[in-house]
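A quick note: this is a predicted structure, and the numbers were derived from the prediction, not measured. Just so you know, these numbers use all the heavy atoms, side chains as well, and skip hydrogens, waters and symmetry mates.
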Amino acid sequence: MYRPAASARCWTRKEACLKATGAGISEASLRTLRLGTSPLPARSPGWALMAPRVPAGYAAACAVREAVPPGDSRPIRPSASSVRQHR
């Protein structure tokens, strides 16, 4: 059964994390990143993933980098967001 709201939550979470890490959206990255479809996102190590309040019919996610480990020099954006309509 297709659930538009759950699908939109999943997509916006993945998109926000992939934007923030710079990994890019590929079939492999979309399949391996598991962030859940419930109203509260699953944990993603190293990231705080938030679901901002948005109007009915929309889903949104914001990924914010948690503390950067010493010596980690990867070029990572501090945060990224995604919004999607699911009506």
Side-chain angles (χ1 to χ4, degrees):
M1 170 182 248
Y2 179 67
R3 299 180 327 177
S7 179
R9 282 192 297 264
C10 181
W11 176 261
T12 58
R13 291 169 186 172
K14 288 184 179 194
E15 185 177 39
C17 281
L18 294 171
K19 282 180 179 179
T21 62
I25 297 174
S26 68
E27 187 174 341
S29 63
L30 290 174
R31 286 184 183 204
T32 58
L33 189 57
R34 307 265 186 223
L35 301 170
T37 59
S38 68
L40 295 176
R43 291 263 317 132
S44 182
W47 293 92
L49 191 59
M50 294 163 269
R53 296 182 105 191
V54 292
Y58 289 84
C62 181
V64 178
R65 179 75 188 254
E66 291 179 341
V68 178
D72 188 344
S73 61
R74 293 176 291 166
I76 295 180
R77 297 169 188 88
S79 66
S81 61
S82 174
V83 177
R84 183 172 187 89
Q85 185 176 12
H86 61 79
R87 294 187 225 193

Heavy-atom nearest pair, Pro52 first then Cys62, reads CD-N, 4.2 Å

Correct closest heavy-atom pair for Cys17 and Leu35 would be SG-CD1, 3.8 Å

Note: Val64 and Met50 closest approach over all heavy atoms is CG2-CE, 3.2 Å

Smallest heavy-atom separation, Ala60 atom then Thr12 atom, equals C-OG1, 3.9 Å

side-chain contact (heavy atoms from CB on, under 4.5 Å) filter on Thr37, not counting sequence neighbours, yields Arg3, Ala6, Cys10

Tightest non-hydrogen contact, residues Arg9 and Ser38, listed as NE-O, 3.4 Å

